[in-house]
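We name chains A, B, ... by the order of the sequence lines, and we start the count at 1 in each one. Because the structure is a prediction, the values reported are computed rather than measured.
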2 protein chains.
Amino acid sequence: MTAIKESSTIQENKRFVFDECPIAYAMDRIGGYWKPIILYHLLGGSKRYSEIRKCIPTITEKMLIQHLKQLENDQLIIREAKPIVPPHVTYSLTASGKALRPVLYALAEWVVEDSKITAKRISKDLKDFPVSV
Amino acid sequence: MTAIKESSTIQENKRFVFDECPIAYAMDRIGGYWKPIILYHLLGGSKRYSEIRKCIPTITEKMLIQHLKQLENDQLIIREAKPIVPPHVTYSLTASGKALRPVLYALAEWVVEDSKITAKRISKDLKDFPVSV
DNA sequence: CACAGTACTTACTCTAGGGTTAGTACAATT
DNA sequence: AATTGTACTAACCCTAGAGTAAGTACTGTG
């Protein structure tokens, strides 16, 4: 944990923005690149640490554990460790975390729909300015 | 624009992850703190630069213009400038941008619902471990 | 006995995102 | 003649987030 700049506008944001713009509040809790990805993979049910890692092969262990800790602190996931060796740790969503399902599904659907729009735009562009092959 | 590290895992992500995890693709396009906030404020219709600034008082001009540029490049918003002085520039959503409405609304709703859950949890905690006032 | 597997931790570096301050062209208003 | 407003741009610096690499404790398996 590093010191946070007092004058940061993002910090100021947190104070007054809650009723002004709910999106800003959301960004404080689930913003960043990896958090929504991790949460998405936990929608299917609780997973072991190593399972999550396999689901997101490009994340480094440092990033994964860092964000799991932050999500736990933020009451979005629950960590359960069996006191055995080798360790057996599972992560699952809290009520807040589960409530994100419609958001993440809407986002996933947007990607599918949007890739169609993009494909259409590209083929239209090609039509307007044909390129020889 | 700065050079992008070739070995970056986020960069690698972009290549293979599209069909594996739609959320990762979404993060590439609308990830970051400010982008969803800007898009949210444009859902109500096109806005002038200065209007957006008033809607998000805590963003700096540099960040605002930077993200507007990126969103324009990413085909999420359209910039229209009238060739007059003083300048008159409006920003509006493209089809892709408009398609984000359900996502952003779901997110806003999550915030409202989640603040209820959080409030309930806090009052329960207070009940379980009463604090003298 | 060496090695794999579990779930991390530590120490280091680097860079992209963010913050601050100042400046631009031009017209209308005061 | 000075100020205001518009929509930016440019120059800096600083830091949180991301990447790399190595190490830990312990056990079960070959």
Whole angstroms only, please: what is the [atom1]-[atom2] distance between [X] and [N]?
X       : N      : atom1 : atom2 : result
A:Ile52 : C:dT6  : CD1   : P     : 13 Å
B:Gln66 : C:dG17 : CD    : C1'   : 7 Å
B:Trp34 : C:dA16 : CH2   : C1'   : 16 Å
A:Asp28 : D:dA16 : CG    : P     : 15 Å
A:Leu64 : D:dG17 : CG    : P     : 16 Å
A:Lys82 : C:dC8  : NZ    : C1'   : 18 Å
B:Gln70 : C:dG17 : CD    : P     : 7 Å
A:Tyr33 : D:dA18 : OH    : P     : 10 Å

- Hey, does the side chain of A:Thr94 reach the backbone of A:Leu76 with a donor-acceptor pair shorter than 3.5 angstrom?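 The answer is yes, because a donor-acceptor pair under 3.5 Å joins these two groups.
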- Query: Which parts of nucleotides 2-10 of chain D does protein reach within less than 4.0 Å, heavy atoms only, written one letter per nucleotide 5' to 3' as B for base, S for sugar-phosphate only and - for none?
  - Reply: ---BBSBS-
In chain order, what residues pass the side chain to side chain contact (heavy atoms under 4.5 Å, CB included) check against [X], with sequence neighbours excluded?
X        : value
A:Arg101 : A:Leu43, A:Tyr105
A:Ala26  : B:Leu107, B:Trp110, B:Val111
B:Lys98  : B:Leu93

- When you check the phosphate oxygens OP1 and OP2 of D:dA18, does a side-chain N or O of A:His67 lie under 4.0 Å from one of them?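 It does, given that an N or O in the side chain of A:His67 lies less than 4.0 Å from OP1 or OP2 of D:dA18.
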- Message: I need the full list of salt bridge (Lys or Arg N to Asp or Glu O under 4.0 Å) pairs touching residues 60-87 of chain A, with sequence neighbours left out, sorted by first then second residue.
- Response: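 Non-adjacent pairs meeting salt bridge (Lys or Arg N to Asp or Glu O under 4.0 Å): A:Arg53-A:Glu61.
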- Message: Suppose we screen for salt bridge (Lys or Arg N to Asp or Glu O under 4.0 Å). Which residues come up paired with A:Lys54, at least two apart in sequence or across chains?
- Response: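 Here no residue qualifies.
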